[in-house]
**Student:** 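Sending over a structure as structure tokens; questions will come in a sec.
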2 protein chains.
Amino acid sequence: MASSKRRPERRQEPLSRERIVAAAVGLLDTVGESGLTFRALAERLATGPGAIYWHVTGKTELLVAAIDAVIAPALAGDDTGTTPREAIRALALGVFDAIDAHPWVGTTLAQLPRTGQSPMLRVFERVGRQVRALHVPEAAQFTAASALLSYILGVAGQNAANTRAARPDTDRTEFLDAVASAWGELDPDEYPFTRDVAGQLREHDDRAEFLAGIDLILTGITAGRTRS
Amino acid sequence: MASSKRRPERRQEPLSRERIVAAAVGLLDTVGESGLTFRALAERLATGPGAIYWHVTGKTELLVAAIDAVIAPALAGDDTGTTPREAIRALALGVFDAIDAHPWVGTTLAQLPRTGQSPMLRVFERVGRQVRALHVPEAAQFTAASALLSYILGVAGQNAANTRAARPDTDRTEFLDAVASAWGELDPDEYPFTRDVAGQLREHDDRAEFLAGIDLILTGITAGRTRS
DNA sequence: ACCTGAACACCGTTCAAGT
DNA sequence: ACCTGAACACCGTTCAAGT
């Protein structure tokens with residue numbers, strides 16, 4: 001009786017956008033994209049599903065907010081004191097790591113338009129600034145930044161697809177081994193290249209591979225510079 | 001009475017995988033990804049939803065088959081008599097055009113694993129063969145082909161996102177204008193790059209932009225060659 | 001062998017009613 | 001102002017029953 005007065009048993013913090021988004025991220029991380037349900041979310045927050053709609057307009061907004069929360073650290077880095085090339089690599093790796101830690105981001109991020117308050121726009125801006133710092137000619141800056149962004153998004157999607165395709169109890173190397181074996185048994189007439197390259201898949205490092213792709217594009221971006 | 005004997009009124013062709021997939025593509029093209037429903041599909045085919053499951057294991061398989069049908073023409077091209085560089089450009093453009101004509105492909109394609117009988121694997125193989133024809137060193141072939149593929153997928157996803165973000169009644173230029181205006185009004189302290197680059201967006205051509213990105217990567221791939 | 005369609009176990013979202 | 005939870009209009013998938 002005494003306790004009910006000043007200490008509210010702390011069993012029910014008020015609902016808030018932050019608590020909802022945090023719970024959503026937790027759900028996505030543990031149960032995956034299909035696990036994010038208004039009912040499951042409501043249960044985690046000890047309310048009814050309708051309560052969530054007072055703080056959030058719908059599932060899309062919830063998903064964007066979740067992505068934003070997870071991608072934010074990658075954009076928090078300080079670019080001063082590094083070369084633009086290093087800054088782009090660090091930024092790209094930050095996004096890659098965020099997606100690697102939260103595979104559901106890859107699936108959704110690539111589908112967000114580069115408009116409004118989209119996290120996409122923030123990544124684009126960061127990439128673009130460094131492209132400019134590389135002294136890419138004005139007219140080519142948009143193309144260069146877009147290409148880098150598209151590549152990052154493409155890898156993100158592939159990564160998410162691989163995570164989903166892998167049995168939940170297998171780790172990365174096991175999965176790569178399985179894919180490599182499957183590739184190795186493909187029809188040599190139909191898939192000569194994939195077959196031959198299967199071996200490289202076995203000893204490859206997703207992160208290093210991703211970075212190698214970034215470097216490829218960076219090389220392409222800066223290669224033409226001396227000619228202009 | 002006479003007609004019911006030899007001419008079966010032709011009102012009910014038997015169901016088949018091809019008919020189902022064709023109807024699915026039609027539904028996706030007209031009503032979009034959210035319009036592909038087993039109930040809607042059944043209605044189009046004049047049956048119950050359960051009938052479809054006799055020919056197709058589930059929605060995932062249906063989606064993959066639909067993508068396959070739409071992407072196939074892009075892979076049918078003949079590569080003989082062109083340079084590898086031209087072959088890669090043509091292949092990439094083929095995929096781009098297929099996705100542009102069927103925006104729902106972009107959303108889903110990027111999420112398919114590069115395994116089994118996935119259309120992804122077929123695109124990868126085609127890209128890879130031309131990478132090899134470019135005389136890229138063995139160890140770098142996987143990276144080069146993967147980078148090209150990831151870029152293509154990334155653009156595909158962005159394209160689909162843009163199509164979805166655009167009001168259904170606006171055309172491409174109207175949409176780009178709207179985005180460019182929005183970018184132009186961004187906070188100059190937070191989005192200096194995006195703001196400045198907004199103008200380039202207005203007069204840009206998606207297809208040309210896409211190809212420019214491919215060229216960037218191709219340049220990156222071939223740039224190091226003379227050094228090795 | 002192939003089709004039918006009711007039924008199951010879910011969804012996102014709304015909204016009257018409560019505090 | 002904020003929460004509740006039943007209700008609405010859907011889903012994908014299954015499966016007994018039909019032909």
**Student:** Name the orientation class of the two ring planes belonging to B/H204 and A/F142 (parallel below 30°, tilted from 30 to 60°, perpendicular beyond 60°).
**Tutor:** perpendicular
**Student:** Where each pair must be Watson-Crick or G-U wobble with both distances under 3.5 Å, what dot-bracket representation of DNA chain D is obtained, with crossing pairs in [ ] and other-strand partners as |?
**Tutor:** ||.|||||...|||||.||
**Student:** Taking the six-membered ring for Trp, are the ring centroids of A/Y151 and A/F210 within less than 6.0 Å of each other?
**Tutor:** yes
**Student:** Which sits closer to the 5' end of DNA chain D, B/S34 or B/T57, going by the nucleotide each is nearest to?
**Tutor:** B/S34
**Student:** What closest approach, in Å, do B/I67 and B/P119 show between heavy atoms, and which atom pair accounts for it?
**Tutor:** CG2-CG, 3.9 Å
**Student:** Under the criterion side-chain contact (heavy atoms from CB on, under 4.5 Å), which of B/Q130, B/R122, B/R129 is the partner of B/R126?
**Tutor:** B/R129
**Student:** What pair of heavy atoms forms the shortest contact from A/T163 to A/P103, and how long is it?
**Tutor:** CG2-CG, 3.7 Å
**Student:** Between the protein and nucleotides 17-19 of chain D, list the N/O to N/O atom pairs that are separated by less than 3.5 angstrom.
**Tutor:**
none

**Student:** Which atoms form the tightest heavy-atom contact between B/A160 and B/T107, and what is the distance?
**Tutor:** CB-OG1, 3.4 Å
**Student:** Have a look at A/L41 and say if it touches a base, only the backbone sugar-phosphate, or nothing, with a 4.0 Å heavy-atom cut-off.
**Tutor:** nothing
**Student:** Could you tell me the separation between the CG atom of B/L63 and the P atom of D/dG12, rounded to a whole number of Å?
**Tutor:** 11 Å
**Student:** Rounded to the Å, how far apart are A/W54 CH2 and C/dG12 C1'?
**Tutor:** 20 Å
